[in-house]
There are 2 protein chains.
Amino acid sequence: MQQRSETTRAHILDAARKLFARSGYESASVDAICAEAGVSKGAFYHHFPTKQAIFLQLLENWLSGLETQLETAREGTENVAQVFVNMTALIPGIFRDADQRLPMFLEFWAQASRDKTVWDATISPYRRYRDFFAELIEQGVAEGTFREVNPQIAAEMIVSLAVGTLLQGLLDARGTDWQQTAIESMQIMMTGLAKEQK
Amino acid sequence: MQQRSETTRAHILDAARKLFARSGYESASVDAICAEAGVSKGAFYHHFPTKQAIFLQLLENWLSGLETQLETAREGTENVAQVFVNMTALIPGIFRDADQRLPMFLEFWAQASRDKTVWDATISPYRRYRDFFAELIEQGVAEGTFREVNPQIAAEMIVSLAVGTLLQGLLDARGTDWQQTAIESMQIMMTGLAKEQK
DNA sequence: AAAAACATACCGTCTGGTCGGTTTTTCACA
DNA sequence: TGTGAAAAACCGACCAGACGGTATGTTTTT
């Protein structure tokens, strides 16, 4: 069986995620990752060709996980309002993970703006998120829930709001109740998008 | 006169800004910065005690510049709507600068989440931005322009939207007209905040 | 026994920072 | 205004250590 191999690989990935989050991509040395994982350098380079490869693997894992969560929120719903209610329920979990992952996320983006390989790996899931929300808005417009807004732009606005709120939550963790801010921001935005005001 | 000294210092700062943006904080070596600036390593360490010091100086310069721009947008205005109109006019300039500065900005935030010194330098100007918008919202509520929203939360929403839009504009530069998105997002948000709907 | 998984010693390179020396600027005083 | 010495500005060779990656050997699984 290849069980030992898979365990080792998982240990390395986990250690890398921890160290990237703690000290950043450049500062987290391969040696340190190996030490944290309790394996040798030989094992590391047996599983991953370069340091960047493990970085890309972590990126892939995280982004596809997020996508799954989003699609789950839409599953089985018939109107748009219901989807956004479901998404509100996701917020605590997202914030819980964020502390661990966001510093790494910032590095992803910083690297993506310079490195074509990282950019490719980042941009396609990101565009899928955007399209996901654009479809949702379009559906809402068709349903009569939303005004006749441009779905692409509204989708970009949603992503901006999400990213911006997460980043502020990361930076100023103990200053505010960021979950509350996320929910209320979403409500203000929904009011701005809604067709009929009460 | 200390003119030579000041010129050298300016050269170093400018070279550092360029290289940090191009290759990132860690990858931009002191040697490379010196070469770009056309000075020696001795000159570098005569003006800045460490590599991090120059990083902090650039952060300070940028953030205080942004603050000045914001305050200019408020100057001489009497109602809140006017301020936001003025701010809209700032958008093209901000986006023009962003390409050069945002990768570095991402690094600032990534570092701020780990390094107390960088965090301190980042958080206080950031809080001033937030308070600036909170005051603005409060004024709008008092004027009767806005609904009775929580000014702090609305301010956080504005900053989130700004940061998120800029980041997307950086990442997906050629995919959308981001200035247009920024303006329309702002309008949607204003509609959500406004007291009376047309 | 073949192959996959893992260990370890090692290498060339690059890094931030130092240090002793040289050049340029400043300024008190003649 | 000229001058000379102190101070500031600048130079560039050098260092100790850390880094990503490799090469070769050993253990474990198939």
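Note on naming: letters A, B, ... go to the chains in the order of the sequence lines (proteins, then strands), and numbering restarts at 1 for each one.
One atom, CD1 of B/I54, and another, C1' of C/dG17, lie 14 Å apart when rounded to the nearest Å. Taking atom NE2 of residue B/H11 and atom P of nucleotide D/dA9, one finds them 16 Å apart after rounding to whole Å. Between the CD atom of B/Q52 and the P atom of C/dG17 there is a distance of 9 Å, given to the nearest Å. Going from atom CD of B/E6 over to atom C1' of D/dA9 covers 13 Å, rounded to whole Å. Look at CZ on B/F48: it is 16 Å from C1' on D/dA8, rounded to the nearest Å.
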Scan nucleotides 16-20 of chain D against the protein and return all N/O pairs shorter than 3.5 Å with their distances rounded to 0.1 Å.
| unit_1 | atom_1 | unit_2 | atom_2 | d |
| --- | --- | --- | --- | --- |
| D/dG20 | OP1 | A/K51 | NZ | 2.7 |
| D/dG20 | OP2 | A/V30 | N | 2.8 |
| D/dG20 | N7 | A/K41 | NZ | 3.2 |

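A/R9 pairs by the salt bridge (Lys or Arg N to Asp or Glu O under 4.0 Å) definition with nothing, not counting sequence neighbours. Applying the ring pair (Phe, Tyr, Trp, His ring centres under 6.0 Å) criterion to B/F84, with sequence neighbours excluded, gives no partner residue. Applying the side-chain contact (heavy atoms from CB on, under 4.5 Å) test to A/T145 and every residue at least two apart in sequence or in another chain returns A/E143. Residues that satisfy the side-chain contact (heavy atoms from CB on, under 4.5 Å) test with B/A154, not counting sequence neighbours, are B/I137, B/V149, B/L193. For B/E67, the salt bridge (Lys or Arg N to Asp or Glu O under 4.0 Å) partners at least two apart in sequence or on another chain are B/R128.
One N or O on the side chain of B/T68 and one on the backbone of B/S64 form a donor-acceptor pair closer than 3.5 Å.
Taking only side-chain nitrogens and oxygens, B/S5 comes nearer than 4.0 Å to OP1 or OP2 of D/dA9. The phosphate of C/dC6 has OP1 or OP2 within less than 4.0 Å of a side-chain N or O from A/T8. For B/H47, no side-chain nitrogen or oxygen approaches OP1 or OP2 of D/dA8 to under 4.0 Å.
If you check C/dA7, C/dA5, D/dC10 against the side chain of A/H46, the one that comes closest is C/dA5.
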